[in-house]
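What you are looking at is a predicted structure, and each value in this text was computed from that prediction instead of being measured. Chain letters run A, B, ... following the sequence lines, proteins first, then strands; residues in each count from 1.
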Amino acid sequence: MSAAVETRDTMGALAAAKYKYGFTTEIAMEAFPKGLNEEIVRLISSKKDEPEWLLAWRLKAFAQWQKMAEPQWARVQHPPIDYDNLYYYAAPSGPAPKSLDEVDPSLLEMYEKLGIPLNERAALAGVESPTVAVDAVFDSVSVATTFRETLAKSGVIFCPISEAVRTHPELVREYLGSVVPAGDNFFAALNSAVFSDGSFVFIPRGVRCPMELSTYFRINARNTGQFERTLIVAEAGASVSYLEGCTAPMRDENQLHAAVVELVALDDAKIKYSTVQNWYPGDADGKGGIYNFVTKRGACRGRNSKISWTQVETGSAITWKYPSCILQGDGSVGEFYSVALTHHHQQADTGTKMIHIGKNTTSTIISKGISAGQSNNTYRGLVKIMPGASGARNFTQCDSLLIGDECGAHTVPYIESRNASAKVEHEATTSKIAEDQLFYCRARGLSEEDAVGLIVNGFCKDVLKELPMEFAVEAQKLLSVSLEGSVG
Amino acid sequence: MTALPTRKLEAWRYTDLRALSAISFTAPASPPTPLSLPDLAIPRLVFLNGIFAPHLSSELSFLQPFTPVAEHSAQPLTQINAEHAQAGMTLLIPPGVDAGSVLLVSQASGGSMAFHPRHRITLGAGARLTLIEVAQGDGVYWHNPVMDITLADDAALAHYRLQDESREAFHLATIRADLAKTASYESFTALLGGQISRAEFHVRLQGTGGHAHINAALLLGGSQLGDITSVITHAAKGCTSRQTVKSVLSGAARGVFQGRIEVDRIAQKTDGYQMTQALLLSDTAEMDIKPELQIFADDVKCSHGATIGALDAEQLFYLRSRGIAPDDARAMLIRAFLTEALESVTSEPALAMFETEFAQFQAAR
């Protein structure tokens, strides 16, 4: 599918439905019994044919998790989560597909509905060269990864992490948990114990990944928690751009999504990680929706390495997410570009941490929060300059936009500097859409909703321009759709 | 005694009071011989080791007798104060009266004493007062004052605080101000002394059109820790708040600024601004900043800015290229930085006092 056709389809479909991803797919499913105990952890591990060390790692994480309590510091409220009333593993039943031809056609159809180009043959037969390789994760397992051969030619490994454990155990063992330790926090520990799948990316020394890599996450089954784990390693001089998209069906009950993403960048390596998070946000009365409790962290271990996070968060009933950078290598660069939009009863508590350890490290934080309806939107971030980080630089800008008088916008930055030669700058503003901007647009014949959409897109421009082309268009449209009904 | 707060409490995450809890304090003994008193030509009230010293104080018609504190506070330090307060200044300015300027002096001399004065200031509608507060002393002691301020409609209080306690002392002050319609509270605090010091402000703008200025400067060296914490609540329409905190830190000093602007749902047309800037003059100095916005109304204009860094290399270069010696150039830039901090001080005696103190700080560096 060409980008233009895809864009047109996406826009058409988005215009048609408020949450177009709300369908469910009827597929024969296999699930383990509800609840969480050591037995379930062992079952998941044996289901995946995992080596002994990984089972031991999971069990250790599980033991740690049992001693931990849910974090209470975020500005989010939800009824207690009953961890015993969740399925920790759900997968389409039957043997794992060997190739795309063996994938359940109804699954392919679902991804077609989502507009995810899984069918690589079509693209290969076409005149255009492929630009995006996709790994699709359905509930607990990865169902298909495209363009693996093309990638393998340049030495790039892109496969489900469960497969990488078998085919590249030394790599997984070296890096898994090296950025987000198993006991890092409550949700990371839970993920470490029960993660079922996710993507593994390894870009060898000096390789620039020939195409953008992408993972689509889909929660389909009822009462299922999704716990995917993504690990991306870029060796010295390597670079990769990775896109992540997420959807879920509309359901009345809340569903838990507790993912962990770890990035490792060695000398001169670059990782760009873009997310369009569009999990089901619940209905207008705040019923249902995904609890998105995610730990994302990147380690710039090498000199002059760079990790860039870009996120557009419009979905989920609750978002609890702080993509962070540990700037260890001298001259390394961390970036965080974020748009978080909340409407109706959504709650978002999101931001980043930039830990400056190496000399001449720089970080940039641009965060745009938009609150509408009765929602609450919080930016929470930390910039920490360690004593050794001479010459470090940080620039932070957090802007909040309020639409309507029943929502809340909050900014909670922590800034800690222990090096005199470091320079830290932070600015934050909160305002509403200016009357004169609205008037200007209305005077030129735009409806109030279109005008708000236009102004919001302008407000977010600094972030949206960081997104790869494929995502930028979708993200803009998503913002407008998510705001429907917020004015007038 | 109520336990001291620990760093596990979010409000105390940057200020560790373990050094304070390690000392066993005694109640203040009889007042010591006073140190030299600040030389300001305005009426004064003097407290020695937390005890009122009438012989050193001026007669003020609006000074009221101290009454015991009946309060149960969720804030540990205010609660400790409530449990132990035995003295304090109570000022009651009748409506429409301009009470001029008053100097409040607190002096202490060592001996591991703790004192917890409770000061109360009430201004009637349209009343005015300028209060200059100086805290100084010798040796180890703990000064834990709480000041409650109530401002009726149109009342205006200008409040200047110089904390110049002994380098071994602990100074933990809580200032609470409630403002009615179009009342104005303007304050400037300079933290210079103390081993650990904190000035914590809780300001509630409860009437339309109220106005609060909470400015401060931290001038610290050695292993001092100075903390400015503020919560400004906009609980009515059309109020403004302004906050500027400037820090100059040398040695292994640590500066802390935690400022929160809260805007209630009803507080439309709020205008809130907060700026904090820190100069780190040594490799071991540290600044921790947490400027928070918590906003529940949409028609508001709130912003904050923060910068931390060394002296600007370009500005230094500019001065040096004009033949100014490096040390002089640095001193000049620091002086300029601090002069800006004093811009909001409108009372002449207060301004003169702060300028002298800041010059001494620079000379000692």
Problem - More than 12 heavy atoms from other groups under 6.0 Å of CG on Leu4(B) - result: yes
Problem - Heavy-atom pair count under 4.5 Å with chain A, highest-scoring of Gly309(B), Ala310(B), Ala306(B), Gly272(B) - result: Ala306(B)
At a 3.5 Å cut-off, give me the donor-acceptor pairs between chain B and chain A, one pair per line with the distance.
unit_1	atom_1	unit_2	atom_2	d
Glu10(B)	OE2	Tyr414(A)	OH	2.5
Tyr14(B)	OH	Glu416(A)	OE2	2.4
Arg265(B)	NE	Asp405(A)	O	3.1
Arg265(B)	NH2	Glu406(A)	O	2.9
Arg265(B)	NH2	Cys407(A)	O	3.0
Glu286(B)	OE1	Arg418(A)	NE	3.2
Glu286(B)	OE2	Arg418(A)	NE	3.4
Met287(B)	N	Ser417(A)	O	3.0
Met287(B)	O	Ser417(A)	N	2.8
Ile289(B)	N	Ile415(A)	O	2.6
Ile289(B)	O	Ile415(A)	N	2.7
Lys290(B)	NZ	Tyr414(A)	OH	3.4
Leu293(B)	N	Thr411(A)	O	2.8
Leu293(B)	O	Thr411(A)	N	2.7
Gln294(B)	OE1	Arg75(A)	NH2	2.9
Ile295(B)	N	Ala409(A)	O	3.0
Ile295(B)	N	His410(A)	ND1	3.1
Ile295(B)	O	Ala409(A)	N	2.8
Cys302(B)	N	Thr430(A)	O	3.2
Cys302(B)	O	Thr430(A)	N	2.7
His304(B)	N	Ala428(A)	O	2.9
His304(B)	O	Ala428(A)	N	2.8
His304(B)	NE2	His426(A)	NE2	2.8
Ala306(B)	N	His426(A)	O	2.7
Ala306(B)	O	His426(A)	N	2.7
Ile308(B)	N	Val424(A)	O	2.9
Ile308(B)	O	Val424(A)	N	2.8
Ala310(B)	N	Ala420(A)	O	3.1

Practice task
Of all the heavy-atom pairs spanning Pro413(A) and Pro291(B), show the shortest one and how long it is.
Solution key: CD-O, 2.7 Å
Problem - Taking every non-hydrogen atom, the tightest pair across Ala297(B) and Leu402(A) - result: O-CD1, 3.3 Å
Problem - Region of Ala422(A) that comes under 4.5 Å of a non-hydrogen atom in chain B - result: backbone
